[in-house]
S.K.: 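Can you read through this structure? Questions will come right after.
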Amino acid sequence: MNRLVRRNLVTNVFGPKTRLKNFCSASAAKVSGSNGDHSYVQGEKPGSTDSFPQHDIAIVGGGMVGVALACSLASMPLTKQLSIAIIDSNPALKGGVSIKKDGPPDPRVSTVTPATISFFKDIDAWKYVEQQRHAYFDKMQVWDYTGLGYTKYHARDVNKEFLGCVVENKVLQSSLLSRVQCTDAQTTIYSSRLTSMNLSPSGSPTVAANVSSKTTMNEPGHLAKLELSDGSSLYAKLVVGADGSKSRVRELAGFKTTGWNYSQNAVICTVEHTQENFCAWQRFLPSGPIALLPIGDNYSNIVWTMNPKEATDRKVMDQDDFVKDVNSALDGGYGPSPQSSIFGSQSFFSWLKPDVTVSVDEGFEVPPKVVKLASERMVFPLSLNHAKNYASKRVVLIGDAAHTVHPLAGQGVNLGFGDAFSLSKVIAEGVALGTDIGEVGLMKKYEAERKPANIAMMAILDGFQKAYSVDFGPLNVLRAAAFHGANYISPLKKSIISYASGDQRLPLFSTRHKI
């Protein structure tokens, strides 16, 4: 009854009530602000003075990783009372993400690892994913164009049910938003862009009664001021840059980066088969890898890396010709399919027995034939970029704002979700200790936890990219030996699967999500 009265009061003062498309009860309604630009998701309105609202945390970027952080904070007892702002001009955050279950999947998908799925389950968001289209896969086959080597991975090799799950990005984002709406979190969406940021504003405003940590919020210098493109401003104790590879937060805060362009583009699209695909496939070609990922029903997702000229040509070429090129890239084109090992197959590694994985006895398989292009073709340039620091006073970076990687293993978004979970735990620790959550010492704990894991994954992916950028006989043999070693050396194979699944050497999951 009290909640109903509170909601009616907010509606009468701040404008009409609207509803997002979600799976929770009527209590998850969203209330629009008086100027139509801010939306309040559950909970109370943020604290404010006569002119500027105030929040504990301002998340700049309402993509998957930014909303995952908001969802994680809203799900933990120590942080669910924090006032959170999400700043993003994407209208889908206010109007709801449009998902058509009957049509072809969107080409923008993510391959989420078992560790990421565990994170989603912990914050009670995975149940929303399962109500939409998604595709678990329990097998993965990797090979190259020389025909000299291949390796197969199976979930049963590590006593798991699946290796990962392919989900449309908009399904992940919608599921996280739905979960936030079903909490009592004080979450405000600002449909605008960040234009400037002052980390030491003079004359910090006083705080309204419903904002947490009132004592520190009243002291000058304990708030960052953010100015938005619509002319509005807000204050926050901590600013989180979750605004992607071209992060405005990173730029304004002066974080330096290192990295390089790969002189490669990725062509992504949805394709159709005559039957459902349950395996993830990846073939290394002279110009870059091509991946075929199941996405449910008879659809798969293509991620094909190539030079920019080839990408431009394939984006506009006739659809039938494109389908022929895809099938050629996956089977028969550029070189033979692996038939037998140049190392005498399994016998070469017989000295490693008796510990043999399930997949070692499975031979090479030809991927399912593509019969139709089912979506537009999209092209993205590829690069590696890494912020030298993730944290400073009042500012912290997560996701692509902190690091971008090559997409060949689909690890980018999983690293971002790992950042979100790690940062939410560190913030909870600060709240428990009564620490100012914007203090650099606290944020450096997050950086110390995530940076080594991210750098290690980036180095591995960059090494793969460079190893396959050269077509040289002796190097080809060495690559083939590596493939076969990964296929037949059981401890190595298990370690690769565990690492790629996010369950090994990732500190944030080390106590809860071990294989």
Side-chain angles (χ1 to χ4, degrees), residues 63-65 68 97 99-121 125-142 152-155 158 160-176 266-283 289-305 326 329-330 365 367-370 372-378 380 405-418 457 461 497 500-503:
M64 295 181 289
V65 173
V97 180
I99 299 175
K100 297 179 180 179
K101 291 186 178 181
D102 297 332
D106 190 90
R108 289 161 292 197
V109 305
S110 294
T111 303
V112 294
T113 63
T116 291
I117 293 172
S118 293
F119 170 42
F120 269 60
K121 288 180 178 179
W126 190 249
K127 63 185 180 183
Y128 300 109
V129 174
E130 291 187 316
Q131 296 184 42
Q132 301 290 342
R133 179 164 40 206
H134 61 288
Y136 292 101
F137 61 92
D138 61 359
K139 293 193 301 182
M140 182 173 186
Q141 178 175 283
V142 185
K152 299 189 78 169
Y153 303 102
H154 201 292
V158 288
K160 287 287 187 179
E161 295 182 1
F162 53 85
L163 294 176
C165 186
V166 183
V167 189
E168 293 167 73
N169 289 352
K170 62 184 180 182
V171 169
L172 291 172
Q173 184 178 26
S174 173
S175 299
L176 290 163
V267 178
I268 65 170
C269 60
T270 303
V271 296
E272 192 171 351
H273 310 284
T274 57
Q275 59 187 11
E276 190 164 358
N277 174 28
F278 296 99
C279 179
W281 314 81
Q282 187 167 59
R283 188 187 188 198
I290 180 171
L292 181 75
L293 307 172
I295 189 59
D297 300 324
N298 290 349
Y299 296 107
S300 289
N301 180 262
I302 291 285
V303 183
W304 191 355
T305 301
V326 168
L330 290 168
E365 296 180 74
K369 186 176 181 180
V370 174
K372 181 182 178 182
L373 179 66
S375 76
E376 64 174 316
R377 286 159 281 183
M378 307 176 74
F380 298 97
V405 299
H406 197 286
L408 66 86
Q411 289 294 333
V413 74
N414 293 293
L415 296 179
F417 288 137
M457 181 62 75
L461 299 180
I497 295 173
S501 299
D503 292 332

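For clarity, every value in this text was computed on a predicted model and none was experimentally measured.
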S.K.: Are L461 and Q411 close enough that some pair of their side-chain heavy atoms sits under 4.5 Å apart?
M.R.: yes
S.K.: Check the pair I290 / T305 against side chain to side chain contact (heavy atoms under 4.5 Å, CB included), numbers first and verdict last.
M.R.: CA-CA 6 Å; I290 180 171; T305 301; over 6 Å; no
S.K.: Nearest 0.5 Å, please: how far is CG in D106 from OG in S375?
M.R.: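 Those atoms lie 7.5 Å apart.
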S.K.: Can you check whether F417 and F120 have ring centres sitting under 6.0 Å from each other?
M.R.: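 Yes, the ring centres sit under 6.0 Å apart.
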S.K.: Keeping the roles fixed (side chain from N298, backbone from E276), state whether a donor-acceptor pair exists under 3.5 Å.
M.R.: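 Yes; judged by distance alone, with no hydrogens or angles, the pair exists.
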S.K.: Judged by atom type as modelled, is there a donor-acceptor pair below 3.5 Å linking the side chain of D138 to the main-chain atoms of A155?
M.R.: no
S.K.: Stepwise, does the side chain to side chain contact (heavy atoms under 4.5 Å, CB included) test hold for C269 with V271?
M.R.: CA-CA 7 Å; C269 60; V271 296; 4.1 Å; yes
S.K.: Does the side chain of V166 reach to within under 4.5 Å of the side chain of S110, using non-hydrogen atoms?
M.R.: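 Contact flag for V166/S110 side chains = no.
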S.K.: For the CZ atom of F119 and the CG atom of N414, what is their distance to the nearest 0.5 Å?
M.R.: 11.0 Å
S.K.: Have a look at M64 and tell me which of V112, N169, V167, V171 forms a side chain to side chain contact (heavy atoms under 4.5 Å, CB included) with it.
M.R.: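 Exactly one option meets the side chain to side chain contact (heavy atoms under 4.5 Å, CB included) with M64, and it is N169.
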S.K.: Please name the pair of heavy atoms, one in L163 and one in P114, separated by the smallest distance, quoted to 0.1 Å.
M.R.: O-CD, 3.1 Å
S.K.: Just so I know, are the side chains of I268 and I302 near enough to count as touching, which here means a heavy-atom distance under 4.5 Å?
M.R.: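 Side-chain contact under 4.5 Å: no.
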S.K.: Is a side-chain donor or acceptor of H134 paired with a backbone partner of Q132 at a separation under 3.5 angstrom?
M.R.: yes
S.K.: Checking the side chain of W281 only, and the main-chain atoms of C279 only, is there a donor and an acceptor separated by less than 3.5 Å?
M.R.: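 Checking the backbone N and O of C279 against the side chain of W281, a donor-acceptor pair under 3.5 Å is found.
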S.K.: Which distance, rounded to the nearest 0.5 Å, do you find between the CG of N277 and the NZ of K139?
M.R.: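 Reported to 0.5 Å precision, the distance equals 9.5 Å.
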S.K.: Considering all heavy atoms of both residues, which atom of P367 and which atom of L292 are nearest to each other, and what is their separation?
M.R.: CB-CD2, 4.2 Å
S.K.: Any side-chain heavy-atom pair from Q141 and Q282 closer than 4.5 angstrom?
M.R.: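 Result no, sub-4.5 Å side-chain heavy-atom pair not found.
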S.K.: What is the distance from atom NZ of K127 to atom OG of S175, rounded to the nearest 0.5 Å?
M.R.: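 So the NZ of K127 and the OG of S175 are separated by 11.0 Å.
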S.K.: Where is the tightest heavy-atom contact between G296 and A135, given as atom of each residue plus distance?
M.R.: N-CB, 3.5 Å
S.K.: Which pair of heavy atoms, one from F162 and one from I117, lies closest together, and at what distance?
M.R.: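 Answer, listing the atom of F162 first, then I117: CE1-CD1, 3.4 Å.
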S.K.: Check for a donor-acceptor pair, side chain of T270 on one end and backbone N or O of P105 on the other, with a separation under 3.5 Å.
M.R.: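 Yes: the side chain of T270 pairs with the backbone of P105.
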S.K.: Got a sec: does the NZ of K170 have more than 12 other heavy atoms crowding it under 6.0 Å?
M.R.: yes
S.K.: Search all heavy atoms of V303 against all heavy atoms of A266 and return the closest pair with its distance.
M.R.: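 Taking V303 first and A266 second, the nearest heavy atoms are CG1-CB, 4.5 Å.
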S.K.: Rounded to the nearest 0.5 Å, what separates atom OG in S300 from atom CZ in F278?
M.R.: 10.5 Å
S.K.: Does K369 offer a backbone N or O that forms a donor-acceptor pair with the side chain of H273 under 3.5 Å?
M.R.: yes
S.K.: If only atom types and distance count, is the side chain of D297 paired as donor or acceptor with the main-chain N or O of Y299 below 3.5 Å?
M.R.: no
S.K.: Between Y153 and V142, does the side chain to side chain contact (heavy atoms under 4.5 Å, CB included) criterion hold? Intermediate values first, please.
M.R.: CA-CA 9 Å; Y153 303 102; V142 185; 4.3 Å; yes
S.K.: Counting C-beta onward and ignoring hydrogens, is there a side-chain heavy-atom pair between E365 and K152 closer than 4.5 Å?
M.R.: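 In contact.
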S.K.: Hey, could you give me the SG/CD distance between C165 and E130, rounded to the nearest 0.5 Å?
M.R.: 8.0 Å
S.K.: Decide yes or no on side chain to side chain contact (heavy atoms under 4.5 Å, CB included) for V326 and L330, but give the supporting numbers first.
M.R.: CA-CA 6 Å; V326 168; L330 290 168; 3.9 Å; yes
S.K.: Look at E168 together with R133 and state whether they make a salt bridge at an N to O cut-off of under 4.0 Å.
M.R.: yes
S.K.: Do you know the tightest heavy-atom contact between P107 and E376?
M.R.: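 Closest pair (atom of P107, atom of E376, distance): CG-O, 4.2 Å.
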